Amino acid sequence: MANNMVRFNRKIILLLFFLCYASMPSVADEKLTGVVIGSRPSVDYRTSRQSTTVNTCEKAFDGDLSTFFASWDRSYTWTGLDLGIPHVITKVGWSPRDDGNGPKRVLLGVFEGANQPDFKDALPLHIITEQGTIGKLSYAEVTCSKGFRYVRYVGPSEARCNIAEVEFYGHPGEGDLSQLHQLTNLPTVTIHTEDGIIPYDKEHEITAQLTIISDNGSHLLSGPGSIRERGNGSRSFPKRPYRIKFNQKQHVLDAPAKAKKWTLINNYGDKTLMRNLLAFELSRQMKMPYTPYCTAVDVILNGEYKGCYQLCDQVQVHKKRIDIEEMTPLDNEGIALTGGYFIEVDAYADQEPSWFYSQGGNSVTIKQPSSDSITWQQQNYIKNHFNKMEAQWQHYLDLNTFLRHFLVGELSGNTDTYWSLFLYKHRDNDTLYVGPVWDFDLAFENDNRTYPVNSKQDYIYRSGGSYAGNMRSFVDKIVVRDASAQKEMLRIWDEARMAGMTEDHLLALIDSLEELLQQSQRLNFIRWPIMNSIVHQNPRLWGSYEAEVDNVRRFIKERFAWMDNKLGYTYDGLTQTASAPSPERAIYNLQGQLMQGDFSTLPSGIYISGGRKILKR
Ligand code: CA
């Protein structure tokens, strides 16, 4: 009895100790103070003039909910604290300015921490995803284990900050990198440029620190580099596409290539944010030799949330990208002069520094060797070789990659397939190969000029698709007028269909991408409220993210049958058979997920392999 009492008391003491310990962080995590730092000057709304005394960044830290900070500049402005020494932040608080627009002007405001006063090394602490409440502080727990001396609140775009109060809570400490903040389930790419310069064209590389937080905040990649805009048509949208370049080659996320250059695709007109991802899967299923790496991410630039992007390979000569010989300015004769070359039949070629006009009436950009290193001998060589290919495609064009690329374009209903066409040439090999596939923002039923695609009798490239120069008649020669090419196309189609390129597979991918993108699409369409606006070539307003994705689903459901029919292909559907699939063929479940391991080890059920349903008993 006495023994039990002792044990009981010990339990109570342990419990009390635990309760004290558990409550310690909130005792230690005080509201932090420091020297107020931030954007200057501010705006005096009474005079509409710049001010250094009214509405200054200090007003966000004066404890008074009726005073506020409003910056003179409209975007990329902030208010924060120099804490003197690093602190691990455990909580942030905020309250909007007391005016009509106040509550929504905090939406997408970003909290950051840094150890350099210019915030070049900043990491995100929190993003505000709900409207604020006037006269009241809202709070969020912060799960970032790294300590920061400098902390700040960056107002969303065009908000002039307009924040009544900001609070940081935490405790002194250097912390560690074990747990960082990712805005959503997607990796967060955060870019901080030198002197806060915003990238403004394709020529000027802006020095920047490039940071990628992934694996639910447990992995950090951060390195110096640069950023500039990229793209052609897609550059005209307010959500800009970017090219980032690390100073050193980096392994980025799960991409195969260790490389310096990566692209951030903006997907402005593609409201599903998934068209490239779907098309790249078709490219893999069509067994293109190289399909660019591409994955969805959230992007922050200088503390401002920019939206959901796709981080993709820079399409370039590289062992894990376009694997051809890299030329030097010394490769001017003999076999050395024969490659490798990477070119693009390109409607925008005349805006590029290195391009030519072919005898067949096509404008062609020479991507590599690059414009700053290419010699006149190399220029002449590739131009002459391209002319030869136009005249005698049977001898100089790789029909295999041409047709696979064509089928990805047609199956996805891409109106841009021949608006821009990549080709490459190996050294000591006369063939021009086609690829990779690229740019699908108008595919999958997203172009009013061809909508609805499945109602067309003919291929999309002949039914309103865009093409550079004389590409349509060039493609006709192969696809429409060459019987052996048609036969080969049917063979490739059958091979891909039998290997599992099915409607079910793609629909399953759409389902999983819709789920993956759920959190990020919500933030993206707060940042870019275009769901009820026609942008780019949108054929219709579908009204919601889900309805936009449904539009792609509907298209896919019809498109496989349309293609089978157009190609004169009889798809015998998924027939049940009790026999095991041939071992070299991939096995999928009915959700389209690739099964690992041998057929005999799978649980009972129905699987798909080689385009057929297989019953596993
Ligand atoms: Ca205040």
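Everything quoted here is computed from the prediction, not taken from an experiment.
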Legend entry - Enclosure of L594 CG (heavy-atom neighbours >12, cutoff 6.0 Å): yes
Legend entry - Spacing of CG belonging to N332 relative to CH2 belonging to W376, to within rounding of 0.5 Å: 8.0 Å
Inset, instruction - Not counting sequence neighbours, which residues clear side chain to side chain donor-acceptor pair (under 3.5 Å) with N429? List them please. - result: T431, Y433
Legend entry - Side chain proximity check, E390 to N470, heavy atoms < 4.5 angstrom: no
Legend entry - Exam field: side chain D482 to backbone A485, donor-acceptor pair closer than 3.5 Å: yes
Legend entry - Ion pair check, R275 and D441, cut-off under 4.0 Å: no
Inset, instruction - Give a yes or no on whether the backbone of D428 and the side-chain of T338 come within a donor-acceptor separation of less than 3.5 Å. - result: yes
Legend entry - Distance-only side-chain donor-acceptor flag, N276 / Q310, under 3.5 Å: yes
Legend entry - Ring centre gap for W393 and F474 strictly below 6.0 Å: no
Legend entry - Over all atoms of both residues, closest heavy-atom pair of A468 and V345: CB-CG1, 4.1 Å
Legend entry - Salt-bridge present (R449, D447; N to O < 4.0 Å): yes
Legend entry - Plane angle bin for F280 and W438 - parallel if under 30°, tilted between 30 and 60°, otherwise perpendicular: parallel
Legend entry - Pair S420-E344, side-chain donor/acceptor within less than 3.5 Å: yes
Legend entry - Chi angles and distances behind the side chain to side chain contact (heavy atoms under 4.5 Å, CB included) call for N448, N538: CA-CA 6 Å; N448 66 76; N538 289 166; over 6 Å; no
Inset, instruction - Would you tell me whether T207 and E194 have side-chain atoms, one donor and one acceptor, within less than 3.5 Å of each other? - result: no
Legend entry - Polar side-chain atom of E326 near backbone of P369 as donor-acceptor pair, under 3.5 Å: no
Legend entry - SB check D313 K261 (cutoff 4.0 Å): no
Inset, instruction - Could you give me the CA-CA distance, side-chain angles and deciding distance for R491 and E495, then say whether salt bridge (Lys or Arg N to Asp or Glu O under 4.0 Å) is met? - result: CA-CA 6 Å; R491 190 194 65 75; E495 178 192 280; 3.2 Å; yes
Inset, instruction - Would you please test L423 and L397 for side chain to side chain contact (heavy atoms under 4.5 Å, CB included) and show each step? - result: CA-CA 9 Å; L423 300 116; L397 179 70; 4.0 Å; yes
Inset, instruction - May I ask you to decide if A208's main-chain N or O and S226's side chain share a donor-acceptor pair within less than 3.5 Å? - result: no
Legend entry - Side-chain (N267) to main-chain (D270) donor-acceptor, under 3.5 angstrom: no
Inset, instruction - Please confirm whether Y381 and Y341 have ring centers closer than 6.0 angstrom. - result: yes
Inset, instruction - Look at atom NZ of K287 and say whether more than 12 heavy atoms of other residues, nucleotides or ligands are closer to it than 6.0 Å. - result: no
Legend entry - Ionic contact status for E410 with K566, cut-off 4.0 Å: no
Inset, instruction - Locate the shortest heavy-atom distance separating P187 from I212; write the atom from each residue and the value. - result: CB-CG2, 4.4 Å
Inset, instruction - State whether E203 and R228 are salt-bridged, where the test is any N-O pair (Lys NZ or Arg NE/NH1/NH2 against Asp/Glu carboxylate O) under 4.0 Å. - result: no
Inset, instruction - For the pair E558 (side chain) and N454 (backbone), establish whether a donor and an acceptor sit closer than 3.5 Å, ignoring hydrogens and angles. - result: no
Legend entry - Check: T211/S222 side-chain N/O donor and acceptor closer than 3.5 Å: yes
Inset, instruction - Give a yes or no on whether a salt bridge exists between E229 and K202, defined as a side-chain N under 4.0 angstrom from a carboxylate O. - result: no
Legend entry - Salt-bridge criterion met for R497 and D564 (N-O under 4.0 Å): yes
Legend entry - Aromatic plane relationship, Y309 with Y242 - under 30° parallel, 30 to 60° tilted, over 60° perpendicular: parallel
Inset, instruction - To the nearest 0.5 Å, tell me how far F356 CZ sits from N362 CG. - result: 9.0 Å
Return a table of donor-acceptor pairs under 3.5 angstrom between the side chains of residues 244-251 and protein atoms on other chains or two or more places apart.
none

Inset, instruction - Could you grab the distance from atom CE of M501 to atom CD of E281, nearest 0.5 Å is fine? - result: 10.5 Å
Legend entry - CD/E515: more than 12 non-hydrogen atoms of other groups inside 6.0 Å: no
Inset, instruction - Output yes when E514 and R553 qualify as a salt bridge under the 4.0 Å nitrogen-oxygen rule, no when they do not. - result: yes
Legend entry - Separation between CG of L513 and CG of L516, rounded to the nearest 0.5 Å: 6.5 Å
Legend entry - Sub-6.0 Å ring centroid separation between Y461 and Y467: no
Legend entry - Whether R243 side chain and T263 backbone form a donor-acceptor pair below 3.5 Å: no
Inset, instruction - For residues N446 and Q537, determine if any side-chain heavy atom of one lies less than 4.5 Å from a side-chain heavy atom of the other. - result: no
Inset, instruction - Return yes if a side-chain donor-acceptor contact under 3.5 Å exists between S412 and N414, otherwise no. - result: no
Inset, instruction - For N266 and R240, test the side chains for any donor-to-acceptor distance below 3.5 angstrom and give the result as yes or no. - result: no
Inset, instruction - Kindly say whether the aromatic ring centers of Y268 and H536 come within a distance under 6.0 Å. - result: no
Inset, instruction - Could you tell me whether the side chain of H405 reaches within less than 4.5 Å of the side chain of T401, counting heavy atoms only? - result: no
Legend entry - Side-chain heavy-atom pair E352, N232 within 4.5 angstrom cut-off: yes
Legend entry - Heavy-atom check, side chain of V252 versus side chain of L221, under 4.5 Å: yes
Inset, instruction - Taking the side chain as every heavy atom from C-beta outward, state whether I492 and R404 have any pair of such atoms under 4.5 Å apart. - result: yes
Legend entry - Test item: I478 and L399 side chains (from C-beta on) under 4.5 Å apart, heavy atoms: yes
Inset, instruction - Applying side chain to side chain contact (heavy atoms under 4.5 Å, CB included), run through F402 and D398 and close with a yes or a no. - result: CA-CA 6 Å; F402 174 87; D398 178 53; over 6 Å; no
Inset, instruction - Using atom types as modelled and distance alone, determine if a side-chain donor or acceptor of N387 lies under 3.5 Å from a backbone N or O of Q359. - result: yes
Output side-chain donor-acceptor pairs under 3.5 Å for residues 521-528, partner residues at least two apart or in another chain, one line each.
| from | atom 1 | to | atom 2 | distance (Å) |
| --- | --- | --- | --- | --- |
| Q521 | NE2 | Q518 | OE1 | 2.8 |
| R522 | NH2 | T129 | O | 2.9 |
| R522 | NH2 | E130 | OE2 | 3.4 |
| N524 | OD1 | K239 | NZ | 2.9 |
| N524 | OD1 | C308 | N | 2.9 |
| R527 | NE | Y305 | O | 2.9 |
| R527 | NH2 | E304 | OE2 | 2.9 |
| W528 | NE1 | K306 | O | 2.8 |

Legend entry - Gap separating the OH atom of Y459 from the CG atom of D476, nearest 0.5 angstrom: 11.0 Å
Legend entry - Nearest atoms (heavy-atom pairs only) where I374 meets S354: CG2-OG, 4.3 Å
Inset, instruction - Could you tell me whether the side chains of Y290 and D323 share a donor-acceptor contact shorter than 3.5 Å? - result: no
Legend entry - Check: A349 main-chain N/O paired with S363 side-chain donor or acceptor under 3.5 Å: no
Legend entry - Close side-chain approach of L507 and K557, heavy atoms under 4.5 Å: yes
Legend entry - CG on L442 to OG1 on T450, rounded to 0.5 Å: 8.0 Å
Inset, instruction - Examine distances only and state if a side-chain atom of S520 and a backbone atom of L517 form a donor-acceptor pair shorter than 3.5 Å. - result: no
